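Notes follow once the structure below has been shown.
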2 protein chains.
Amino acid sequence: MAVFEEISPADFFYRNRDIAGFSSPSRAIYSTLRELIENSLDACEAVRVLPEVRITLRELRPSPTGAFFYSVRVVDNGSGVPGDKIPQAFGQVLFGSKFRLKQTRGTFGLGGTMAILYGQITTEMPAHIVSSTGDRYIHDYELMIDIQKNKPNVLRYKVHTNRDGWHGTLVEFTMEGDYTRAMPKVLDYLKQTAIVNPYADITFVDPKGRLYVFERTIRKLPSPPKETLPHPYGVDAETLYRLIAMTNTKSLSAFLMEHFHRVGKSLAGKVLERANLDPNRSPKTLTPSEVSDLANVMRSFEDFLPPDASCLSPLGEEILEAGIRKELNPEFVFVTKRKPSAYSGYPFIVEVGIAYGGGIPRTGDIVLYRFANRIPLLYDETSDVSWKVIHNLMDWRYYKVNPAEDPLAIIIHLCSTKIPYKTVGKEFLSDRPEIEREILNGVRLAARNLMLYLMRKRRFEIGKKR
Amino acid sequence: MAVFEEISPADFFYRNRDIAGFSSPSRAIYSTLRELIENSLDACEAVRVLPEVRITLRELRPSPTGAFFYSVRVVDNGSGVPGDKIPQAFGQVLFGSKFRLKQTRGTFGLGGTMAILYGQITTEMPAHIVSSTGDRYIHDYELMIDIQKNKPNVLRYKVHTNRDGWHGTLVEFTMEGDYTRAMPKVLDYLKQTAIVNPYADITFVDPKGRLYVFERTIRKLPSPPKETLPHPYGVDAETLYRLIAMTNTKSLSAFLMEHFHRVGKSLAGKVLERANLDPNRSPKTLTPSEVSDLANVMRSFEDFLPPDASCLSPLGEEILEAGIRKELNPEFVFVTKRKPSAYSGYPFIVEVGIAYGGGIPRTGDIVLYRFANRIPLLYDETSDVSWKVIHNLMDWRYYKVNPAEDPLAIIIHLCSTKIPYKTVGKEFLSDRPEIEREILNGVRLAARNLMLYLMRKRRFEIGKKR
Ligand SMILES: Nc1ncnc2c1ncn2[C@@H]1O[C@H](COP(=O)(O)OP(=O)(O)OP(=O)(O)O)[C@@H](O)[C@H]1O
Ligand SMILES: Nc1ncnc2c1ncn2[C@@H]1O[C@H](COP(=O)(O)OP(=O)(O)OP(=O)(O)O)[C@@H](O)[C@H]1O
Ligand SMILES: [Mg+2]
Ligand SMILES: [Mg+2]
């Protein structure tokens with residue numbers, strides 16, 4: 001007889017922790033550090049503060065499985081978390097502040113909690129969280145996660161007076177891991193994070209006591225992404241339903257103008273005409289099939305205005321080129337920032353850089369660097385949409401480029417209010433057609449510029465010979 | 001000011017449907033069909049019935065995004081679902097009957113619900129479910145999912161008298177998809193499903209009205225996997241905590257013997273001695289650090305008995321070889337079933353087949369077929385642990401095999417009470433060390449047998465020349 005049960009989302013990720021990126025002791029170290037660092041960078045940018053992130057990883061003792069127990073500690077000077085929200089922010093899965101339509105590194109509401117959960121199941125020790133938003137109090141928690149209920153369990157809570165007006169967050173817990181195996185990827189992650197976040201000061205003390213310092217190279221934060229309305233292109237019926245349920249607008253025309261990005265009276269009129277709906281009707285009177293028709297029209301309507309980029313925070317060509325030159329020391333660099341586009345209602349911008357020669361090694365293939373919302377992606381590159389573009393969709397011979405012989409690197413940064421990660425561990429991007437097209441066009445433009453450079457170079461060298 | 005929210009698991013997978021395998025209209029067709037077929041095969045095996053699964057995909061009309069709207073319908077003669085459980089089984093994410101320690105295709109409690117959710121958000125139409133467990137009633141539901149609450153919304157419920165004692169389930173709903181793009185993978189999936197489930201009758205009517213029939217080639221079900229106790233090797237403290245919370249045993253010794261697989265009095269005694277715990281203590285008196293010590297000892301204890309395979313249902317060498325010969329028509333086949341092993345408390349068995357020559361094409365690389373719990377895995381092979389073993393860990397030259405030139409296929413089947421999928425879409429397996437080791441040893445044994453065959457063959461051909 002079948003036994004039916006329901007499980008909490010924390011229990012789901014406990015049972016399937018491979019899915020969240022915690023598949024082995026070395027991968028757990030990488031995933032833990034990246035989740036905490038990304039939380040810290042988000043928190044600093046949220047309050048327009050130049051980030052200072054201090055990471056310490058201390059080896060405690062060997063673990064029974066041939067790995068080690070570590071103490072992880074990450075401190076930042078960011079927004080902090082309100083005292084009453086700390087238990088859920090860190091002790092409940094699918095709880096967070098980043099479900100809004102704004103570009104942030106975090107998006108699922110589970111990364112930080114997952115790291116703490118993994119630490120808990122491998123060491124049975126509580127997590128220590130200290131945080132203040134800069135007001136009069138510093139909140140000091142010791143907590144564990146009730147995995148079956150997906151609820152925090154506060155073991156101890158102290159409040160300190162905040163004499164210096166400190167703001168920020170300290171997260172500290174023990175976990176089993178394998179830093180020796182994880183080290184190359186961890187250092188790679190820190191290095192590439194520094195490239196695309198040049199305004200951040202990051203320090204890392206590793207288990208051997210070695211200190212790594214990534215000093216900021218610019219003192220200016222990028223312009224902050226603003227929260228935005230959903231873009232009408234690609235909206236589905238569920239989104240429409242939710243907006244209709246909570247709207248105060250009294251007419252369909254006002255409904256479209258109020259709740260969608262860059263929809264004015266005349267555009268709203270055209271959309272409603274095509275959907276055969278009276279612009280003056282109250283949105284709450286629509287039947288399910290009328291909602292479905294409206295969604296279908298909006299998904300095929302070609303004349304919406306492209307999103308403006310105010311909800312996005314691209315690197316910009318200057319920062320991207322400077323980072324490429326500093327790290328790769330190439331002979332030739334070309335960078336391009338594509339115009340804003342949208343998929344399924346989410347605005348996005350693709351930035352592409354191409355680098356040739358100089359310090360770039362000949363590896364027999366193009367070296368691919370991938371970034372999403374300023375996060376370096378270091379795993380599963382062959383499953384990523386960028387890989388597909390470069391290896392399956394680009395015709396390099398047309399550009400007189402031979403990927404097997406030329407020393408070539410391609411850098412791709414995607415920023416969006418929702419990055420279409422294929423995995424919970426944020427390892428690679430799914431091949432959404434609109435995004436694939438933008439990456440392809442960006443790489444083609446970059447390839448064309450490389451081709452012109454190489455032609456001039458070869459002509460020059462031929463000229464020299466004569 | 002940060003706005004904190006919590007979202008339901010249905011909402012999580014709605015917002016991140018790429019993660020569940022619904023990343024494009026063509027992928028959605030594949031994911032929907034596979035999730036429903038796997039549910040049907042599980043349901044038939046659960047009541048020891050030779051499976052009959054009828055799949056119909058009808059094209060309704062074009063969709064606004066250049067894809068199409070389809071009606072999907074899957075009928076089986078399996079266990080059926082109890083009437084009062086149908087709404088949650090199909091309308092709630094993380095609800096199901098496969099959270100037990102028994103080999104089943106389903107494991108997450110969300111595949112079927114996700115398919116219905118995707119149909120709902122693309123067509124705004126309800127799903128139609130008809131099911132009976134073979135008793136006096138047939139339950140007939142029309143339902144939708146309240147995504148924000150993760151709860152089913154029953155629109156209509158009828159009960160019919162079950163005159164013929166029918167048992168089984170019919171699932172029917174509309175969705176947007178792209179069958180033309182999905183077709184090669186869908187047909188591949190059906191073909192490979194038929195290979196590793198030769199006792200199943202599967203028919204598929206595609207949108208063009210073409211009928212595909214996969215007749216059963218054997219009339220005998222594999223011996224049914226039994227539900228099992230967790231294997232003690234690799235158990236973590238959270239598992240111990242839950243068992244302690246619900247145990248009725250009065251001593252630690254009885255606790256270990258009662259709740260773990262193949263633990264007898266003397267083994268329990270050795271484990272407790274090493275953990276410095278009195279075997280007569282009540283389990284509920286353990287402190288957190290004692291639970292942690294016990295987990296650590298159990299995770300490093302080398303002398304647990306290997307799991308018996310009663311909770312597993314491998315293909316068996318006969319079925320695996322027959323399937324390989326029928327499909328690939330090779331000159332040489334070798335198959336091996338490894339002994340049961342365990343990772344993190346979950347028993348597993350690896351089965352490896354190698355096929356050479358004959359009908360196997362020379363593709364410049366080894367053709368890899370992957371299966372997990374009798375499910376074909378058709379995506380992301382380069383991220384899979386089997387790919388890593390074959391391409392990074394195997395030294396083929398040692399076996400006088402040249403993967404780039406020899407016509408070679410490798411077939412790997414992993415069965416376990418928990419398959420370590422790296423993704424919710426069940427695309428590829430994570431590289432758990434114990435599983436990687438078993439696959440590597442199986443492939444080595446297969447390669448050694450191929451080497452002996454090729455040596456005899458070449459000696460024979462050299463002999464013929466003289
Ligand atoms: N260092 C920090 N400073 C300020 N707030 C934080 C910090 N770390 C976590 N938070 C808060 O806790 C919430 C939950 O964090 P968590 O990492 O679990 O999810 P997320 O960052 O929202 O999404 P993701 O799973 O994609 O990382 C965040 O949304 C944020 O509000
Ligand atoms: N055709 C069917 N016959 C009988 N029971 C079914 C059928 N389809 C679904 N169910 C029941 O509904 C539950 C939920 O199905 P769902 O596919 O959402 O999750 P699952 O199969 O348990 O796990 P997974 O997400 O890995 O597929 C199943 O556990 C099963 O009990
Ligand atoms: Mg986070
Ligand atoms: Mg299922």
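Atoms considered below: every heavy atom in the structure, side chains included; atoms not considered: hydrogens, waters and symmetry mates. Note that this is a predicted model, so its numbers are computed, not measured. Note on naming: letters A, B, ... go to the chains in the order of the sequence lines (proteins, then strands), and numbering restarts at 1 for each one.
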Heavy-atom contact with chain A under 4.5 Å, split by part of B:Lys85: side chain
Straight-line distance of B:Ser292 OG to A:Phe69 CZ, nearest 0.5 Å: 6.0 Å
For chain B, the option from A:Ala20, A:Ser24, A:Gly96 that forms the most heavy-atom pairs under 4.5 Å: A:Gly96
Residue among A:Pro64, A:Ser300, A:Ser430 with most heavy-atom pairs under 4.5 Å to chain B: A:Pro64
B:Phe13 portion near chain A, given a 4.5 angstrom heavy-atom threshold: side chain
Part of B:Tyr233 lying under 4.5 Å from any heavy atom of chain A: neither
Taking every non-hydrogen atom, the tightest pair across A:Ile19 and B:Phe108: CD1-CZ, 3.6 Å
Closest-packed option against chain B by number of heavy-atom pairs under 4.5 Å, given A:Val3, A:Thr423, A:Thr382: A:Val3
SB check B:Arg242 A:Asp11 (cutoff 4.0 Å): yes
Structural part of B:Gln120 lying under 4.5 Å from a heavy atom of chain A: side chain
B:Tyr379, part contacting chain A, at a heavy-atom distance under 4.5 Å: neither
Atom group of A:Ser63 that falls short of 4.5 Å from chain B, counting heavy atoms: neither
Heavy-atom contact with chain A under 4.5 Å, split by part of B:Leu110: side chain
Pair B:Arg299 + A:Glu176, salt bridge at N-O below 4.0 Å: yes
Partner chain A: residue of B:Ile121, B:Thr123, B:Thr239, B:Asn296 with the largest heavy-atom pair count (under 4.5 Å): B:Asn296
Option that, when pairs with chain B are counted at under 4.5 Å, heavy atom only, ranks first among A:Asn16, A:Val291, A:Asp380: A:Asn16
Straight-line distance of A:Asp146 CG to B:Glu238 CD, nearest 0.5 Å: 8.0 Å
Check: B:Tyr14/A:Asp236 side-chain N/O donor and acceptor closer than 3.5 Å: yes
Chain A contacts, top residue of B:Met298, B:Gln148, B:Glu427, B:Lys98 (heavy-atom pairs, under 4.5 Å): B:Gln148
Donor + acceptor pair across side chains of A:Ser383, B:Ser383 (<3.5 Å): yes
A:Arg15 atom CZ: more than 12 heavy-atom contacts under 6.0 Å: yes
A:Phe95 and B:Phe4 aromatic ring geometry - parallel, tilted or perpendicular at 30°/60° bounds: parallel
Region of B:Ala46 in contact with chain A, defined by heavy-atom distances below 4.5 Å: neither
Distance in Å, B:Asp18 CG paired with A:Leu429 CG, rounded so as to fall on 0.5 Å steps: 9.5 Å
Rounded distance (nearest 0.5 Å) linking atom OG of B:Ser23 with atom NZ of A:Lys422: 4.5 Å
Region of B:Phe99 that comes under 4.5 Å of a non-hydrogen atom in chain A: both
Gap separating the CD atom of B:Glu6 from the CD atom of A:Gln88, nearest 0.5 angstrom: 6.0 Å
Non-hydrogen atoms of A:Glu124 and B:Ala237 that approach each other most closely: OE1-CB, 2.8 Å
